[in-house]
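Handing you this structure, nothing more for now.
For clarity, every value in this text was computed on a predicted model and none was experimentally measured.
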Number of protein chains: 2
Amino acid sequence: MATIKDVAKKAHVSVATVSRVINNKGYVNDETKTLVLNAIEELQYVPNELARSLFKKQSRIIGVIVPHMTSYYFAELLEIIENYTIEYDYHIMVCNSQDDEARETKFIRVFQQYSIDGIIIIANTTRIGDYQNLNIPIITIDHKLSDQIPSVSSNNLNGGKLAAEKLASTGCKNILHLRGPSPLITVQARSKGFEQQLAKHGLACRRFDLEFKSPSKDYIQNFIDKNPDADGIFCDSDLIAMHVIQCLKHNNKSVPEDVQVIGFDNIELASIFSPKLTTIAQDKHTIGKYAVETLVKLIAKTELTQKHHQVDVALIERETTRAN
Amino acid sequence: MATIKDVAKKAHVSVATVSRVINNKGYVNDETKTLVLNAIEELQYVPNELARSLFKKQSRIIGVIVPHMTSYYFAELLEIIENYTIEYDYHIMVCNSQDDEARETKFIRVFQQYSIDGIIIIANTTRIGDYQNLNIPIITIDHKLSDQIPSVSSNNLNGGKLAAEKLASTGCKNILHLRGPSPLITVQARSKGFEQQLAKHGLACRRFDLEFKSPSKDYIQNFIDKNPDADGIFCDSDLIAMHVIQCLKHNNKSVPEDVQVIGFDNIELASIFSPKLTTIAQDKHTIGKYAVETLVKLIAKTELTQKHHQVDVALIERETTRAN
DNA sequence: TTGTAGGCGTTATCAT
DNA sequence: ATGATAACGCCTACAA
């Protein structure tokens, strides 16, 4: 690998001059510039980002912590995030926490080691300690670590409300809510919205908590079996909804005639599944875009006018609910 | 951020000594060691990996190029890869090529800039030029860039054979193959195996090529409509298979009674879909593990006994095919 | 407009 | 067993 010295030698100038043309900084004669550019071309010189980062104390790397990747929601979000970071000339180091705190702690160390410029956390962390005094800009998605640390998330409260309104207004009386893990702030907001709206119709619901990563089919079947009177089911992910529909089918219930089902996320498969899933759509594109843009601002030490941002959700009606 | 100098000062020793205890290298008195360790603890010192990398000319970063992430196959693979890299104390920089050559070329530059130690390419590259004289260890998944560049992939040929045998042996006569993009080596191997095995039964098939990322529903419906006599369909991905089943349902065909369908990949959703998908399972775990282990060997300049590795596939029979 | 030189944080060689 | 010091490749005062 050619270094800046090699280029300088070849172009018969000093390294400072080369550095100036690379960075387009300071005065440099057009002729010498051409000379340098030619040398760079010939030597196929690529500046060493490590040396640069060492000097500047920033790496143009953004660390992303995800709980896991094998869920469409996170995979899609990750793709969007990567696309935006590239626009700002950043690159992402992906760390998969597997919902494991020890791993997460390890990653924070790694991020420090690499002088990572900023962190995007999609993890379901409840701990804040390690991040608090880290001195690296952070933005969280789907979770509020503290009032100080900026966040973006869907309007989960409204998501719950929309689902409740749909179920209630189409005549459901015995309603179930198959939730994600209840400690999660997103899950709590959805539950709250769902119940508030249900209450307006004089309705309540029975709940059951599941894992997001791989919701247990047995638990779902069990819960469905124990509530044979159910006529409306709200699920905290499309994956859970798909499982639910399978269980319902197993019990010879028809969807949406006997039971209506609403999912959450609007993953790509929601419209391929059969029956096509009615679901609360999260606007991943806006979320990802906002996360990156905000983090970049944070890195540039721009003041944020608003620390916490909510992105609208929408009810997408397909084949697992009835028309009003 | 505390540096090695700060630690040295606090422990009243030289930076050389601190470096020795950090790296567990060379002689150092137990007492001074404790002194240094205490200073590190107090200062919350974390070694700067950038400076380290600059000196050592290796970054402990592995670059991963994926065509896109919103396909279960790649997402799962990525997760597995990340898990293994961590075991070897490497971290991954993920680059999403979006099947765009310009982007890929840019990434290669980025990889050079960061002194990336090795590259895993899952991309559908046909070009080899940029990688050839890169002087960074590379391993490709699902694609053979050249005889020299090591690769891992599923035994796609056998995958095709297994599918053909299943369809033929259960009496299918009018067979379709909904493939991925035909330039891909994986697609070619599957086609070859499929046709070879079909030929043994005196059978042939009609083919149609689709994108992997988001196979066009309209094209699929069209092809299905044009071949109403079809009684067996082999699809190059589970996603395509799911679409096919939807189209079949739309045409009032029942699966597997009228038409049998076989997918490829065995993504998690294959067993959640309804009907549950019969599919050719790729062993992502073994592929990911092998890729990382091989790359680590390559980085350590270990001679490989075998440059190209194939991983077995298996037919998973579920509800979209009939029993033999 | 260009060059010199010091420093970013680390490791490794050579003395001591 | 420990300490100076040069180097890794780059950037930026400062000097010329």
Could you check whether B:Ser53 gets within reach of a base, just the sugar-phosphate, or nothing at all, counting any heavy atom under 4.0 Å?
->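 Result for B:Ser53 = nothing.
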Could you tell me which residues satisfy ring-ring contact (aromatic ring centres under 6.0 Å, His included) with A:Phe74, sequence neighbours excluded, listed by chain and number?
->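 A:Phe74 satisfies ring-ring contact (aromatic ring centres under 6.0 Å, His included) with A:His68 only.
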Anything under 4.0 Å to a heavy atom of chain A counts; send over the first and last such nucleotide of DNA chain C, read 5' to 3'.
->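 Contact span on the strand: C:dT1 to C:dG9.
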Just list the side-chain donor-acceptor pairs under 3.5 Å for residues 33-47 of chain A, sequence neighbours left out, or say none.
{"from": "A:Thr34", "atom 1": "OG1", "to": "A:Asp30", "atom 2": "O", "distance (Å)": "2.7"}

Which angle, to the nearest 10 degrees, lies between the helix axes at the two ends of the helix from C:dT1-D:dA16 to C:dT16-D:dA1, each defined by five pairs?
->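 Answer for the end axes of this duplex: 50°.
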Does A:Gln188 have any side-chain contact (heavy atoms from CB on, under 4.5 Å) partners at least two apart in sequence or in another chain, and if so, which?
->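 Here no residue qualifies.
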Output yes when at least one side-chain N/O atom of B:Thr17 is less than 4.0 Å from OP1 or OP2 of D:dG3, else no.
->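 The answer is yes; a side-chain N or O of B:Thr17 sits under 4.0 Å from OP1 or OP2.
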Residues in side-chain contact (heavy atoms from CB on, under 4.5 Å) with A:Ser214, at least two apart?
->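 Per chain and number, A:Ser214 pairs via side-chain contact (heavy atoms from CB on, under 4.5 Å) with B:Glu268.
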For A:Lys5, enumerate each residue passing the side-chain contact (heavy atoms from CB on, under 4.5 Å) test, keeping only those at least two apart in sequence or located in another chain.
->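 A:Lys5 satisfies side-chain contact (heavy atoms from CB on, under 4.5 Å) with A:Thr3, A:Val15 only.
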Sequence neighbours excluded, which residues qualify as ring-ring contact (aromatic ring centres under 6.0 Å, His included) partners of A:His308?
->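 Here no residue qualifies.
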Among all residues two or more places apart in sequence or in another chain, which pass the side chain to side chain donor-acceptor pair (under 3.5 Å) test with A:Ser14?
->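 Counting only residues at least two positions away or on another chain, A:Ser14 forms a side chain to side chain donor-acceptor pair (under 3.5 Å) with A:Thr17.
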Does B:Tyr114 use its side chain to pair, donor to acceptor, with the backbone of A:Ser59 at less than 3.5 Å?
->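 A pair under 3.5 Å: yes.
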Side chain to side chain donor-acceptor pair (under 3.5 Å) partners of B:Glu82, counting only residues at least two apart |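 By the side chain to side chain donor-acceptor pair (under 3.5 Å) rule, B:Glu82 matches A:Arg103.
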Contact pattern, 5' to 3', of nucleotides 7-16 of chain D - B, S or - by protein heavy atom under 4.0 Å | BBBSBB----
Residues which pass side chain to side chain donor-acceptor pair (under 3.5 Å) with A:Tyr73, listed by chain and number, not counting sequence neighbours =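 Per chain and number, A:Tyr73 pairs via side chain to side chain donor-acceptor pair (under 3.5 Å) with A:Asp142, A:Gln282.
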